[in-house]
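Working notes, beginning with the structure itself.
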Amino acid sequence: MLKTRMKRLTDRSGRAVGRLAEIETSITGLADDDLLDLADIFKADPHTPIGNMAFVEMARRNISL
């Protein structure tokens, strides 16, 4: 029973990491205008995970709102 549960948790974690990587890839693949639009959505509360990713990518590209 414990082995099955551990395997299920490991699989779930692996899928979550994969999804996160896909989200990060999509954010880095955005054009500057689209990235600025995304950052504008999260401007009110930039401490969300997607907001953080958007602002980090903006800093990397040296662009701002």
Side-chain angles (χ1 to χ4, degrees):
M1 183 70 133
L2 183 60
K3 287 182 183 181
T4 303
R5 183 174 182 194
M6 291 302 294
K7 183 177 181 333
R8 186 173 59 238
L9 289 173
T10 301
D11 290 344
R12 186 182 307 164
S13 296
R15 286 191 306 272
V17 168
R19 275 189 235 119
L20 180 60
E22 290 172 358
I23 292 168
E24 289 175 340
T25 301
S26 2
I27 290 173
T28 58
L30 289 173
D32 287 350
D33 290 338
D34 295 330
L35 179 61
L36 289 170
D37 289 341
L38 180 65
D40 194 34
I41 291 169
F42 289 96
K43 179 173 57 175
D45 188 14
H47 301 293
T48 61
I50 294 176
N52 284 338
M53 288 180 212
F55 284 100
V56 165
E57 182 61 21
M58 287 174 49
R60 187 185 73 75
R61 295 183 192 187
N62 200 20
I63 59 175
S64 63
L65 287 174

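Contact check on Arg15 versus Asp11 returns no salt bridge, with no Lys/Arg side-chain nitrogen under 4.0 Å from an Asp/Glu carboxylate oxygen. Salt bridge status for Arg60 with Glu57: present, with a side-chain N to carboxylate O gap under 4.0 Å.
Remark: Lys3 NZ to Arg5 CZ distance equals 16.0 Å, nearest 0.5 Å. Here CD1 of Ile27 is found 12.5 Å from CD of Glu22. Values are rounded to the nearest 0.5 Å. Summarising the geometry, atom CG belonging to Asp32 is positioned 6.5 Å from atom CG belonging to Leu36; distances are rounded to the nearest 0.5 Å. Interatomic distance, Ile23 CD1 to Arg19 CZ, rounded to the nearest 0.5 Å: 8.5 Å.
Using a 4.5 Å cut-off on side-chain heavy atoms (C-beta onward), Leu20 and Met53 make contact.
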**Request:** Please lay out, stage by stage, how Leu65 and Met58 fare under the test side chain to side chain contact (heavy atoms under 4.5 Å, CB included).
**Result:** CA-CA 9 Å; Leu65 287 174; Met58 287 174 49; 4.1 Å; yes
**Prompt:** Hey, mind stepping through Asp34 and Asp37 against side chain to side chain contact (heavy atoms under 4.5 Å, CB included) and telling me if it holds?
**Reply:** CA-CA 5 Å; Asp34 295 330; Asp37 289 341; 4.2 Å; yes
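Taking all atoms of both residues into account, the shortest heavy-atom contact from Phe55 to Phe42 is CE1-O, 4.2 Å. Scanning both residues, Leu38 and Ala54, for their nearest heavy atoms gives CD2-CB, 4.0 Å.
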